[in-house]
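In what follows, chains carry the letters A, B, and so on, assigned in the order in which the sequence lines appear, proteins first and then strands, with residues in each chain numbered from 1. The analysis underlying the following values was restricted to heavy atoms, covering all of them including side chains, and did not include hydrogens, waters or symmetry mates.
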Amino acid sequence: MAQTTAPTSETRKNGSTRGSWKKWRRVTDQSRFEQQLDPGFTQEITSIPNGERLHECIQCGTCSAACAVSAFMDYTPRRLIAMTRAGCRDDVLHSLSPWVCTSCYACTVECPKQVPVTEIMHALKRTALREGEYPRRFTTPIMAREFVGMIERHGRSTESWISLKLYLKTNPFQLLKYYRLALRLARLGRLGFGRESIRRPAELRRMLEAVETPASRVPARGTSTGSVGSLAVAATGGGS
Amino acid sequence: MSEAVDETFEPRIVAFFCNWCTYTAADLAGICRMTYAPNVRVVRLMCSGRVDPQFVLAAFRDGADGVLIGGCHPGDCHYQQGNFHALRRVALLRPMLRDMGIEEGRLRIEWISAAEGDKVQRVCNEMTEQVRMLGPLRLAPAPGSQNDAVLVEVTEGLVEQEVP
Amino acid sequence: MHLPDGDGEVKSPPESMATAPKVGVYVCHCGLNIAGKVDVERLVEFASTLPDVAVARDYRFMCSDPGQELIQQDIRDGLVNRVVVASCSPLMHEATFRGATAAGGLSPFLFQMASIREHVSWVTADGEEATEKAEALIAGAVRRVALHEDLERRQAPVLPDVLVVGGGIAGIHAALTMAEAGKRVYLVERESTIGGHMAKFDKTFPTLDCSACILTPKMSAVRSNPNITLWTYSDVVGVEGFTGNFTVRVRHRPRYVREDLCTGCLACIDACINKKAKVRDEWNEGLGKRKPIYIPFPQATPPVVVVDPDECIWFKTGKCPRTCVDACERDAFDFEQREEFDEVKVGAIVLATGFKTFDASRIFEYGYGRYPNVYTSPEVERLLNAAGPTQGEIEMRDGGRPKTVGIIHCVGSRDVKYNSYCSRVCCMYSLKLAHLIRERSGAEVYNFYIDMRAPGKGYEEFYWKLLQEGTHFIRGRVAEVTDEAMSKEEEGRLVIRAEDTLIGFVRRVPVDMVVLAVGLEPQSDAEQVRRLFNISCGGEGFFTERHPKLAPVSTFTDGIFLAGACQGPKDIPDSVAQAGAAAAEVLAMVDRGAVELEASTAFVDAAACSGCRTCVALCPFGAITYDAERKVAAVNEVVCKGCGICVGACPSGAAQQHLFTDQQILSEIEGVLQYV
Amino acid sequence: MTYAFFPGCSALGTGRSYVESLVAVLEKLGSGLNELEDWNCCGATAWPSVDDVKAVALSARNLALAEEANPGTDPVDVVAPCAGCYRALLKAERALEERGEVSERVDFALQTVGLRSERRARTRHPLDVLVNEIGVTRIGAAVTRPLDGLKVACYYGCLVVRPYATFDDTRDPTSMDRLVRAIGGEPIDWSMKTRCCGGSCYCGGPLIGAMPEATLQLSHELVKEAKKLGADVIATVCPLCAFNLEGFQDRMSREFGETLEVNVGFITQLLGLALGLDERTLGIHRMLRWNLPESRRAAQGGVHAPA
């Protein structure tokens with residue numbers, strides 16, 4: 001999927017996959033009809049604070065170049081911005097890029113038009129989770145849900161548990177790779193297996209539920225947070 | 001003001017704008033089609049330094065609920081320091097207005113440069129809302145009434161102690 | 001102090017008003033600009049009910065000939081003797097309607113305008129509210145115009161001489177144009193030579209003609225033109241007066257060499273006790289060295305050497321054999337030279353103070369100042385110049401020759417963190433640099449651009465030529481220049497990281513040299529200059545023209561004109577065109593011989609004046625004098641600029657301002673408040 | 001001076017020694033940390049991906065707890081050592097200050113559990129406190145075992161300076177470099193100070209799971225560059241950065257075919273050593289990559305041995 005080491009001119013010429021079918025991408029209809037585009041999607045994403053600046057994007061690509069992980073994205077952040085602006089809802093929600101984003105904010109601080117790129121990535125992830133359009137075997141969305149569920153129940157996260165559950169759900173074989181490291185950490189006292197919790201987790205849950213309450217006056221938002229909440233609960237149910 | 005706000009009350013505000021900065025900015029707001037509250041009526045002066053304290057008092061007496069003075073930013077005055085004189089006069093006027101029971105929020109001075117059409121919009125809106133909250137000015141003129149007499153007396157006694 | 005009575009009754013009209021006021025109110029539709037929002041018919045109906053109003057009419061476009069004719073006809077028919085036009089802003093058409101009033105046979109000052117477009121129809125959401133506001137403004141104008149009086153129209157002579165500030169290409173061109181028309185021109189330049197930025201370039205885009213070849217003849221022409229007084233190493237320190245009659249104070253900084261004696265033989269430089277040049281050479285952007293006694297470049301105009309007192313051993317220690325003095329055959333040295341001042345009287349001023357380039361070290365991630373092989377474009381201009389520190393060879397700070405060069409566009413431009421505007425010239429000069437670097441060194445050149453802006457005669461063709469030459473163009477703004485290598489090939493080089501946005505992936509391009517195409521900014525002292533000349537600056541700091549389209553070289557201060565990049569980023573052809581335009585405006589003004597003075601001057605009613613002298617000290621222009629004998633103040637109306645500060649402060653109401661008397665303003669206040 | 005202290009979940013796990021050393025160092029310098037009663041998770045960067053308002057509410061609760069514990073103090077400084085927590089609390093602080101729809105909902109939510117945000121809490125990073133409150137002069141004066149020119153690669157990571165640069169420059173931060181200089185170390189001049197480590201700040205590091213090659217490459221770049229420039233140790237201020245750089249070094253070495261072996265620690269551990277604290281107090285024994293025998297240096301430098 002991506003380079004693990006910077007290629008030299010050698011490897012470029014003598015790539016082992018010469019002639020392999022893997023080198024050609026399967027091509028489907030790449031055109032987009034206007035009716036396929038969803039202006040409502042654009043509107044939803046740009047409704048975040050300073051989100052309207054998305055319309056001011058000049059497509060200079062600073063975000064992509066400043067991004068440490070854009071090399072591992074299917075669409076660069078700049079393309080995602082352009083696609084979001086155009087209303088390419090499906091293409092954007094089926095992109096792995098937001099899930100690769102590490103939220104390091106390099107794009108945000110470098111953007112010459114101060115487009116809140118990282119926050120837009122978060123907004124895309126929220127929409128994707130809400131609509132169930134996220135990659136099932138990719139750890140980041142699962143992680144986000146697991147994490148949220150754990151906080152809702154205990155108020156704090158326990159690194160050992162969250163990692164364990166994550167790998168069980170996505171790629172159990174990865175566990176084998178890391179068990180040595182985990183054991184070592186545990187020996188050094190850096191990986192506790194006792195579950196962390198705050199003293200009043202119920203109070204915290206009550207507070208989080210109350211976040212939705214005043215917004216019930218605003219139906220659109222109320223439903224959105226509501227459904228995410230239930231999603232988190234579902235994740236909890238699946239996990240334990 | 002503690003009384004309930006009268007929803008139908010439309011404040012009347014007189015604005016003295018200097019020709020070079022604030023009036024030009026108001027024109028710019030127009031050119032940019034920035035809509036704002038219609039309650040502000042502009043009287044054009046060449047400089048905010050022309051604002052005589054009696055203009056402010058006369059405006060209040062004639063039924064204004066608020067007075068706005070707009071000049072160039074400090075250092076930008078077309079006439080070097082007229083805005084500075086305006087500011088001093090406002091400072092001298094404030095205690096007198098307070099004594100007459102005219103709330104501080106009814107008189108405002110703002111520096112608005114020729115490039116700040118948006119500021120004209122913002123200030124006019126803010127001023128209108130502020131005066132709306134304060135309600136109608138209670139000294140509203142009945143010609144020859146007590147209030148008027150007080151006002152005239154004060155105005156007559158007003159000798160500006162401006163030491164340059 | 002007199003306040004009008006509460007019921008709005010005004011004092012008895014002035015004697016000059018022989019007949020009772022008959023006001024004509026003319027409401028303009030301005031197409032749909034006004035009529036689309038405001039109920040014009042209602043306005044006319046309302047106006048006709050106002051006191052003193054004799055006629056109220058509306059018309060589609062009052063500023064058109066038939067519209068103006070309407071006013072004139074009513075005046076001629078004796079229907080009206082005061083005019084109110086309710087239309088656009090007075091800043092737009094006051095002059096037009098005053099003209100129409102005068103053409104009808106009335107004094108142009110018996111006119112008042114109500115701005116119901118900029119202040120009403122364009123800024124009010126609700127039609128009903130807009131109509132009400134327009135009514136109030138018209139009522140104010142009608143009230144006030146009844147008190148207007150005829151005023152004397154005064155003119156002041158325009159002095160024939162002209163001042164040009166700044167000796168770059170714009171200043172040079174403006175000065176030459178006006179001098180050739182026979183005007184005496186004072187050209188003031190801060191540096192020791194004229195020529196400005198253009199003198200530092202090797203070639204100019206898109207024609208690639210030699211900058212020196214086209215500029216130096218003009219520089220010599222300035223020096224040899226008898227109508228031009230050239231003051232270099234000088235700056236303007238004071239400006240007083242008004243349109244047509246400015247008094248300008250100029251400071252001459254000491255060069256310690258007499259300009260009238262120095263012939264520019266440069267023998268002194270060779271003779272300097274410092275055998276090696278050790279001082280940072282600003283002219284070469286610090287890439288070269290000069291001696292404490294120097295001349296910026298061979299064709300410097302005037303060709304007079306300058307002694308740098310901060311570096312000269314004689315100035316620093318007082319102990320030096322002064323071999324330079326011995327070498328001078330004309331005895332031109334004067335180590336005792338002091339600052340000198342000159343005062344000149346001019347009728348008009350052209351500001352051509354130019355620009356400065358963006359400080360590239362402000363963008364940390366581009367590595368300027370951290371990596372020696374990152375250059376700014378002005379530095380590369382000097383590297384490429386045959387008269388520059390490397391004789392036109394691309395030799396880098398580490399002595400190497402680049403095989404690959406990356407040029408980064410839009411450095412400090414189009415970025416809200418620095419300057420949000422486009423600097424306009426960087427694309428083109430980057431193409432020029434790309435071409436020259438390739439030509440001189442054979443290096444591969446990569447251009448990293450956001451958008452290629454080549455709007456100009458021959459510009460797109462130049463871009464095309466570069467494409468044909470095989471210069472690489474990558475559409476993407478560079479995020480970082482780094483020395484961190486990710487592969488063998490990148491080791492020891494600078495890596496430019498940018499997204500190739502046309503392809504859609506990030507590229508890392510290892511290069512030997514990075515050129516930052518820095519944008520154009522206002523001079524760092526633009527703010528002081530603006531205050532000195534009493535003009536205005538836009539948000540980005542460039543001087544503001546009177547009108548962006550129709551008065552591009554005028555300012556809001558009459559008699560002061562703009563040329564070149566001090567008004568905004570501009571290339572050479574545009575600067576020269578603007579300089580020509582400014583010269584033409586000046587000539588039109590100077591040759592007219594006179595300017596109309598501000599009518600709204602202050603005056604003192606001697607009978608009412610108590611002689612307190614408050615006004616005398618307040619006047620910023622010294623226009624008020626105190627007559628000790630009569631114990632009253634008097635305004636010199638020629639010097640008065642009509643601000644009214646004295647009027648606002650006069651405790652006895654003796655000081656008044658034409659067109660803005662207390663009575664007029666108080667009536668207007670009453671008017672705008674009475675009908676809401 | 002005593003600060004309210006928000007340790008964050010990683011303090012209980014991988015970042016344990018960071019908190020241990022921070023507490024010890026501040027105590028040595030005469031400042032105390034008061035751990036917030038019943039603090040909860042800050043929301044990290046996972047919560048904003050699910051519900052941005054709730055993410056703010058989570059952090060807001062911690063800020064409100066800090067205010068509750070310090071009545072009458074304004075501002076209440078809350079020290080958050082973890083870079084992710086620091087950003088999350090700062091974001092909540094800003095959102096509350098804006099007093100928009102978000103703060104309205106959050107205020108309401110706090111109220112339901114008897115809490116109140118008076119906007120007194122101010123989030124501080126340990127670097128901020130060390131450099132701007134205690135000051136490098138005082139720290140320098142307290143040094144008993146200077147680092148003797150130890151070459152330190154100061155690695156700030158992302159969220160300490162982005163998106164909010166409250167106490168240091170976003171692109172060229174220098175606070176840690178100044179600290180290192182104050183304790184006798186030599187900060188290396190490198191261009192990777194704020195480059196992303198590929199960790200993605202959820203406690204546990206999800207990108208390593210989804211795309212190990214991405215995380216490994218980014219971390220490798222950092223370690224490799226530090227090694228190339230001769231750094232003896234990489235100093236970090238984030239539990240996750242530290243974990244990524246130390247925990248996966250073996251795997252990086254394998255995948256990229258070179259032996260890396262660069263020491264990784266927290267800046268507070270280096271400070272602690274210089275201030276004469278012992279390794280155990282500073283949690284150095286918990287580190288995966290720490291081969292800086294301070295005893296050796298002490299012998300070489302012949303400096304005052306701790307009592």
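Residue contact with chain C, scored on non-hydrogen atoms closer than 4.5 Å, involves the backbone and the side chain of B/Thr24 alike. With a threshold of 4.5 angstrom between heavy atoms, B/Asn39 does not approach chain C through any atom at all. Contact of C/Thr124 with chain B is made through backbone and side chain together, with heavy-atom distances under 4.5 Å. B/Cys72 does not touch chain C: none of its heavy atoms, backbone or side chain, sits under 4.5 Å away. Only the side chain of B/Val14 comes within contact range of chain C, with heavy atoms under 4.5 Å apart. Heavy-atom distances place both the backbone and the side chain of B/Tyr23 under 4.5 Å from chain C. Both the backbone and the side chain of B/Leu45 come within less than 4.5 Å of a heavy atom in chain C. Using a 4.5 Å cut-off between heavy atoms, B/Val40 touches chain C through its backbone atoms (N, CA, C, O) alone. Contacts of C/Arg530 with chain B are made by side-chain atoms alone, with heavy-atom separations under 4.5 Å and no backbone atom involved.
The candidate with the highest count of non-hydrogen atom pairs below 4.5 Å against chain B, out of C/Gln657, C/Lys641, C/His119, is C/His119. With chain B as partner, the option from C/Ser115, C/Ser121, C/Pro90 having the largest number of non-hydrogen pairs under 4.5 angstrom is C/Pro90. Among B/Ala115, B/Ala26, B/Cys21, the residue making the largest number of heavy-atom pairs under 4.5 Å with chain C is B/Ala26. When B/Ala37, B/Cys32, B/Ala59 are compared by the number of non-hydrogen pairs under 4.5 Å with chain C, B/Ala59 comes out ahead. Most heavy-atom pairs under 4.5 Å with chain C: of the set B/Val43, B/Asn19, B/Val120, B/Thr35, this distinction falls to B/Thr35. Of the residues considered (B/Ser48, B/Ala64, B/Cys47, B/Pro38), B/Pro38 shows the highest number of contacts with chain C, using heavy-atom pairs under 4.5 Å.
A side-chain donor-acceptor contact under 3.5 Å links B/Gln54 and C/Asp662. Looking only at atom types and distance, the side chain of C/Arg117 has no donor-acceptor partner in the side chain of C/Asn33 under 3.5 Å away. C/Ser89 and C/Glu118 share no donor-acceptor pair across their side chains, judged by distance under 3.5 Å alone. In this structure, a donor-acceptor pair under 3.5 Å is absent between the side chains of C/Gln663 and C/Arg144.
Note: C/Tyr421 and C/Phe542 meet the aromatic proximity criterion, with ring centroids under 6.0 Å apart.
For the atom pair CZ of B/Arg89 and NE2 of B/His85, the computed distance is 7.0 Å after rounding to the nearest 0.5 Å.
With hydrogens and angles disregarded, no donor-acceptor distance shorter than 3.5 Å links the side chain of B/Asp52 to the backbone of B/Phe55. Between the side chain of C/Gln674 and the backbone N or O of C/Gly671, no donor-acceptor pair lies under 3.5 Å.
At most 12 heavy atoms of other shown residues, nucleotides or ligands fall within 6.0 angstrom of atom CD in C/Glu240.
Relative orientation of the C/Phe621 and B/Tyr79 rings is perpendicular, given thresholds of 30° and 60° on the angle between their planes.
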